S.K.: 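Quick one: the structure is below, and I'll ask about it shortly.
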2 protein chains.
Amino acid sequence: MRKVSFADMNCSIAQALEIIGEWWTLLIVRDCFLGIRRFDDFVERLGISRNVLTDRLDKLVAADVIERRPYDEGRLRYDYVLTPKGRALWPVITTLREWGDEWITGEGNEPILIEHRSCGNVTHTRLVCDCCGEPLVARDVRVVDGPGSR
Amino acid sequence: MRKVSFADMNCSIAQALEIIGEWWTLLIVRDCFLGIRRFDDFVERLGISRNVLTDRLDKLVAADVIERRPYDEGRLRYDYVLTPKGRALWPVITTLREWGDEWITGEGNEPILIEHRSCGNVTHTRLVCDCCGEPLVARDVRVVDGPGSR
DNA sequence: CTACGTGGGTTGCATGAAGCAACTCAACGT
DNA sequence: ACGTTGAGTTGCTTCATGCAACCCACGTAG
């Protein structure tokens, strides 16, 4: 862990970053979504050093974001797959990717795109209000105290 | 910068994390959304050390996520406000907060909630397909090469 | 007009994290 | 019996972070 932890901040963003906010961690999760499972494959794709990868995988397992499973009994071979909690990170990864597409790599230079199977279109995402279904933007939102406020 | 940069990876997630993926950085952006503008206020609210805050603010300004503005001519007083690129991070912050609410702090313990002014409800967000308007989840999406693929 | 307070930083030092290469270790395969 | 493979450890060096103290220009109080 770093010298200063976010764990005691009363904020879900800080709590989330405590788990997935370290350098390399979200790229590991990204690769999990792309189907990478094995230690040496992470090392090769990411260019991460092996000791740091060990550290990050252990923390993600401890946080129940991924699961370590033996895939070859007898041999000591393990792989890593997303848990439901890990798969729930898909909107975070997606909004982050689209922000990068729009503001850094630029339209027309997207390294990857997504196709929505149900409708068949290569598409983007939109964040909408769960109540009224209208698009949500920051200036149309008011922050209010929640039940866990202190 | 860290010893290993993500900048040369052909992935918008890596590009995005190069800017906002360092320890403390996204908490600084979060506080910007909450209206914090001044150096000492960031220090006090976050508990961040002053040299690290200087480093992160400089990088965010260089990346055009926030802007450094004099707010008192004559005195050397500056504050920091989000640019359009910075405000575009709202969906990232929001999906991250909702993941933390759901999987870490737990329902009923949310430190803050959001109210949608247009419809008046305390609400959550939902990520939908921009084409068909249906909710998007990972397993209903196929990753395809984009124009910037290599 | 000297002293103190305020805001926004720097500087120096001690400690923790990251990068790198080499090493380990227990099955297999040949 | 020997090398290969996968999944890590270990040791060393260098970079990043935390912390406290300091700086500096302006404004204000005495």
Side-chain angles (χ1 to χ4, degrees), chain A residues 1-9 14 17-29 31-32 35-63 66-81, chain B residues 1-9 14 17-29 31-32 35-63 66-81:
Chain A
M1 192 66 49
R2 267 181 188 67
K3 296 196 185 177
V4 169
S5 155
F6 301 158
D8 57 345
M9 297 181 182
L17 289 173
E18 182 74 19
I19 294 178
I20 57 160
E22 284 190 298
W23 206 236
W24 291 112
T25 300
L26 216 46
L27 288 184
I28 293 168
V29 174
D31 272 9
C32 288
I36 307 303
R37 296 165 168 243
R38 284 166 28 190
F39 192 90
D40 283 6
D41 289 343
F42 286 111
V43 170
E44 190 183 356
R45 278 182 53 89
L46 294 171
I48 188 176
S49 58
R50 308 174 76 79
N51 50 352
V52 175
L53 178 59
T54 299
D55 176 79
R56 296 301 189 273
L57 289 173
D58 287 351
K59 285 175 179 167
L60 286 172
V61 168
I66 58 177
E67 190 188 353
R68 182 177 188 260
R69 304 182 320 180
Y71 70 87
D72 185 350
E73 314 287 349
R75 290 212 242 193
L76 310 164
R77 300 295 153 85
Y78 301 94
D79 63 4
Y80 298 89
V81 293
Chain B
M1 194 65 52
R2 267 181 188 64
K3 296 197 186 174
V4 169
S5 156
F6 301 158
D8 55 347
M9 296 182 183
L17 289 174
E18 182 74 18
I19 294 178
I20 58 161
E22 283 190 300
W23 206 237
W24 291 112
T25 301
L26 215 47
L27 288 184
I28 294 168
V29 174
D31 272 8
C32 289
I36 308 302
R37 296 164 167 241
R38 285 167 26 192
F39 192 91
D40 284 6
D41 290 342
F42 286 110
V43 170
E44 189 183 357
R45 279 182 52 90
L46 294 172
I48 189 176
S49 58
R50 308 173 75 80
N51 50 352
V52 175
L53 179 59
T54 299
D55 176 77
R56 296 301 190 274
L57 289 173
D58 287 351
K59 285 175 179 167
L60 286 171
V61 168
I66 58 176
E67 190 188 354
R68 183 176 187 262
R69 305 182 319 180
Y71 69 87
D72 185 349
E73 315 284 349
R75 290 211 244 192
L76 310 164
R77 300 296 153 86
Y78 301 94
D79 62 6
Y80 298 88
V81 293

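Note: hydrogens, waters and symmetry copies are ignored here, and every other heavy atom, side chains too, is used. Being a predicted model, the structure only gives us computed values, none of them experimental.
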S.K.: If each of A:G74 and A:W24 is mapped to the nucleotide of DNA chain C with the nearest heavy atom, which maps nearer the 5' terminus, i.e. the 5' end?
M.R.: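 The residue mapped nearer the 5' terminus is A:W24.
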S.K.: Just the rounded figure in Å: distance from C1' of C:dA18 to CZ of B:F6.
M.R.: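 In whole Å, C:dA18 C1' lies 11 Å from B:F6 CZ.
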S.K.: Would you mind telling me which of A:V81, A:V29, A:D79, A:L57 makes a side-chain contact (heavy atoms from CB on, under 4.5 Å) with A:I66?
M.R.: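 Answer to the side-chain contact (heavy atoms from CB on, under 4.5 Å) test with A:I66 among A:V81, A:V29, A:D79, A:L57: A:L57.
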S.K.: Roughly, in whole Å, what's the span from CG in B:L53 to C1' in C:dG8?
M.R.: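 Rounding to the nearest Å, CG of B:L53 and C1' of C:dG8 are 10 Å apart.
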S.K.: I need the CG-P distance between A:D72 and C:dC28, as an integer number of Å.
M.R.: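 The answer, rounded to whole Å, is 6 Å.
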S.K.: Give a yes or no answer on whether the side chain of A:T25 reaches the backbone of A:G21 with a donor-acceptor pair at less than 3.5 Å.
M.R.: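 Looks like no, no N/O pair under 3.5 Å.
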S.K.: Between A:R56 (side chain) and A:W23 (backbone), is there a donor-acceptor pair under 3.5 Å?
M.R.: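 Confirmed, A:R56 side chain pairs with A:W23 backbone.
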S.K.: Could you give the distance from CG (B:L17) to CG (A:L27), rounded to the nearest 0.5 Å?
M.R.: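 Spacing of CG (B:L17) from CG (A:L27) equals 5.5 Å.
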S.K.: Output the rounded distance in Å from CD (A:E22) to P (D:dT17).
M.R.: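 Checked: the CD to P distance equals 11 Å.
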S.K.: Whole angstroms only, please: what is the NZ-P distance between B:K3 and C:dG16?
M.R.: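 Those two atoms, NZ and P, are 16 Å apart.
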S.K.: Starting at atom CH2 of A:W23, determine the distance to atom P of D:dC15, rounded to an integer number of angstrom.
M.R.: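 A:W23 atom CH2 is separated from D:dC15 atom P by 16 Å.
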S.K.: Which residue, A:I48 or A:R75, contacts DNA chain C at a nucleotide closer to its 5' end, judged by nearest heavy atom?
M.R.: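 First, find each residue's nearest nucleotide; the 5'-ward one identifies A:I48.
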S.K.: Once the angle between the rings of B:Y80 and B:F42 is folded into 0 to 90°, is it parallel (under 30°), tilted (30 to 60°) or perpendicular (over 60°)?
M.R.: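 Rings of B:Y80 and B:F42: perpendicular, as their planes differ by over 60°.
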S.K.: At a cut-off of 3.5 Å, list every protein nitrogen or oxygen paired with a nitrogen or oxygen from nucleotides 7-10 of chain D, distance to 0.1 Å.
M.R.:
from, atom 1, to, atom 2, distance (Å)
D:dA7, OP1, A:Y71, OH, 3.1
D:dA7, OP1, A:Y78, O, 2.6
D:dA7, OP2, A:F39, N, 3.4
D:dA7, N7, A:R50, NH2, 3.1
D:dG8, OP1, A:R68, NH2, 2.8
D:dG8, OP2, A:Y80, OH, 2.6
D:dG8, N7, A:R50, NE, 2.8
D:dG8, N7, A:R50, NH2, 2.8
D:dG8, O6, A:R50, NE, 3.2

S.K.: Which pair of non-hydrogen atoms, one from B:M9 and one from A:W24, has the smallest distance, and what is that distance?
M.R.: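 So the minimum-distance heavy-atom pair works out to CE-CZ3, 3.9 Å.
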S.K.: How many Å lie between CG on A:L46 and P on C:dC20, as a whole number?
M.R.: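 Taking CG of A:L46 and P of C:dC20, I get 13 Å after rounding.
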